[in-house]
Amino acid sequence: MAGMTTSTPRQPSRLDPEIAARLKRSADGLLPAIAQQYDTGEVLMLGWMDDEALHRTLTTGRCTYWSRSRREYWVKGDTSGHFQWVKSVALDCDADTVLVKVDQVGAACHTGARTCFDVDVLLKDGDGGTIGADSGVPASDQ
């Protein structure tokens with residue numbers, strides 16, 4: 001996106017050093033953070049966290065993200081009222097992505113949609129796409 005900056009603040013983080021040592025961040029010091037509804041498994045949104053945002057998420061019980069466009073931290077719901085109450089936080093197997101299971105109050109997407117993935121569905125199971133036996137993907141991976 002034009003004009004979007006990805007730089008992250010250069011301040012010390014209060015994240016536990018043992019956790020910080022495990023993280024594999026992007027060149028700009030960020031981790032993708034997937035927000036998922038804890039009880040239904042619905043994928044809500046993708047945000048970005050640096051070490052301090054992860055620390056705040058782990059210690060406050062509310063999702064804190066780093067805004068790449070505004071270059072500041074934001075707590076989901078502070079301005080919209082659409083809170084994300086943290087139920088669990090996990091690293092993926094490579095420690096380069098965070099999964100935050102939340103109880104979402106209201107819309108997760110800035111557009112007002114329940115999720116950021118409601119509108120532009122590229123392929124839906126059974127719509128004649130390439131998912132299936134002839135997709136070239138081994139059956140064990142489907």
Side-chain angles (χ1 to χ4, degrees), residues 1-133 135-137 139-142:
M1 293 171 63
M4 182 175 283
T5 180
T6 59
S7 61
T8 188
R10 301 293 180 221
Q11 66 181 44
S13 171
R14 297 171 290 170
L15 183 64
D16 179 324
E18 289 185 22
I19 296 172
R22 295 172 54 201
L23 301 178
K24 294 179 185 166
R25 300 162 199 81
S26 65
D28 51 9
L30 300 174
L31 292 167
I34 301 165
Q36 180 181 40
Q37 179 63 34
Y38 82 100
D39 55 353
T40 66
E42 178 181 34
V43 177
L44 300 168
M45 60 173 278
L46 174 91
W48 295 92
M49 291 184 181
D50 67 356
D51 289 16
E52 181 61 20
L54 180 56
H55 166 75
R56 293 178 189 188
T57 298
L58 291 169
T59 58
T60 65
R62 294 183 55 204
C63 281
T64 300
Y65 299 98
W66 173 252
S67 171
R68 297 178 304 165
S69 58
R70 295 189 310 268
R71 300 194 60 208
E72 65 185 14
Y73 294 106
W74 58 280
V75 179
K76 184 67 174 168
D78 272 359
T79 57
S80 66
H82 300 157
F83 298 101
Q84 290 179 340
W85 300 105
V86 177
K87 297 293 187 175
S88 69
V89 180
L91 288 174
D92 76 336
C93 58
D94 295 320
D96 63 1
T97 303
V98 178
L99 175 63
V100 185
K101 293 189 178 182
V102 301
D103 188 9
Q104 176 71 47
V105 176
C109 188
H110 71 280
T111 65
R114 169 73 181 162
T115 84
C116 294
F117 301 99
D118 283 346
V119 177
D120 199 6
V121 178
L122 302 178
L123 178 68
K124 191 170 183 174
D125 199 24
D127 73 356
T130 60
I131 295 176
S135 68
V137 177
S140 60
D141 291 338
Q142 291 184 21

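Bear in mind that the values here come from a model prediction, so they are computed numbers and not experimental data. For reference, positions follow the sequence shown, starting with 1.
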query = How close do Gly112 and Ala107 get, heavy atom to heavy atom, and via which atoms?
reply = O-CB, 3.3 Å
key: Listed once per pair and sorted, the side chain to side chain donor-acceptor pair (under 3.5 Å) pairs that draw on residues 97-114, sequence neighbours left out   = Gln37-Asp103, Gln37-Arg114, Glu42-Arg114, Gln84-Gln104
request  = Step by step, work out the side chain to side chain contact (heavy atoms under 4.5 Å, CB included) result for Val100 and Gln36.
outcome  = CA-CA 6 Å; Val100 185; Gln36 180 181 40; over 6 Å; no
task = Would you mind listing every salt bridge (Lys or Arg N to Asp or Glu O under 4.0 Å) that reaches into residues 79-89, with sequence neighbours excluded?
result = none
message = Quick one, Ile34 and Leu44 - any side-chain contact, counting heavy atoms below 4.5 Å?
response = no
request  = May I have all residue pairs that pass ring pair (Phe, Tyr, Trp, His ring centres under 6.0 Å) and include part of residues 81-108, sequence neighbours excluded?
outcome  = Phe83-Trp85
message = Using every non-hydrogen atom in the two residues, find where Val43 and Phe117 come nearest and quote the distance to one decimal.
response = CG1-CE1, 3.7 Å
ask   = Quick one: does Pro32's side chain get under 4.5 Å of Trp48's, heavy atoms only?
value = yes
Asp92: salt bridge (Lys or Arg N to Asp or Glu O under 4.0 Å) partners, not counting sequence neighbours = none
ask   = Quick one: CG on Asp16 to OG1 on Thr59, what's the gap to the nearest 0.5 Å?
value = 11.5 Å
ask   = With Leu91, which residues qualify under side-chain contact (heavy atoms from CB on, under 4.5 Å), at least two apart?
value = Arg22, Leu23, Ala95, Val98
key: Interatomic spacing from CG in Asp96 to OG in Ser26 - rounded to 0.5 Å   = 10.0 Å
query = Can you name the side-chain contact (heavy atoms from CB on, under 4.5 Å) partners of Arg14, sequence neighbours left out?
reply = Glu52, His55, Arg56
query = Partners of Asp78 by side-chain hydrogen bond (donor to acceptor under 3.5 Å, both in side chains), sequence neighbours excluded?
reply = Arg62
inquiry  = Could you work out, with salt bridge (Lys or Arg N to Asp or Glu O under 4.0 Å) as the rule, every residue matching Glu18, not counting sequence neighbours?
reply    = none
note = Taken in chain and number order and not counting sequence neighbours, the residues that satisfy side-chain contact (heavy atoms from CB on, under 4.5 Å) with Ala20 are Leu15, Arg25, Asp51
query = For Thr60, which residues count as a side-chain hydrogen bond (donor to acceptor under 3.5 Å, both in side chains) partner, sequence neighbours excluded?
reply = none
inquiry  = If we ignore hydrogens and angles and just use 3.5 Å, is the side chain of Thr57 paired with the main-chain N or O of Thr64 as donor and acceptor?
reply    = yes
message = Could you work out, with side-chain hydrogen bond (donor to acceptor under 3.5 Å, both in side chains) as the rule, every residue matching Asp118, not counting sequence neighbours?
response = Thr115
ask   = Does the separation of the ring centres of Tyr65 and Trp74 fall below 6.0 angstrom?
value = yes
inquiry  = So, taking the atom named CH2 in Trp66 and the one named CG in Asp50, what distance separates them when rounded to the nearest 0.5 Å?
reply    = 7.0 Å
query = Taking C-beta and beyond as the side chain, do Val75 and Cys63 meet within less than 4.5 Å on heavy atoms?
reply = no
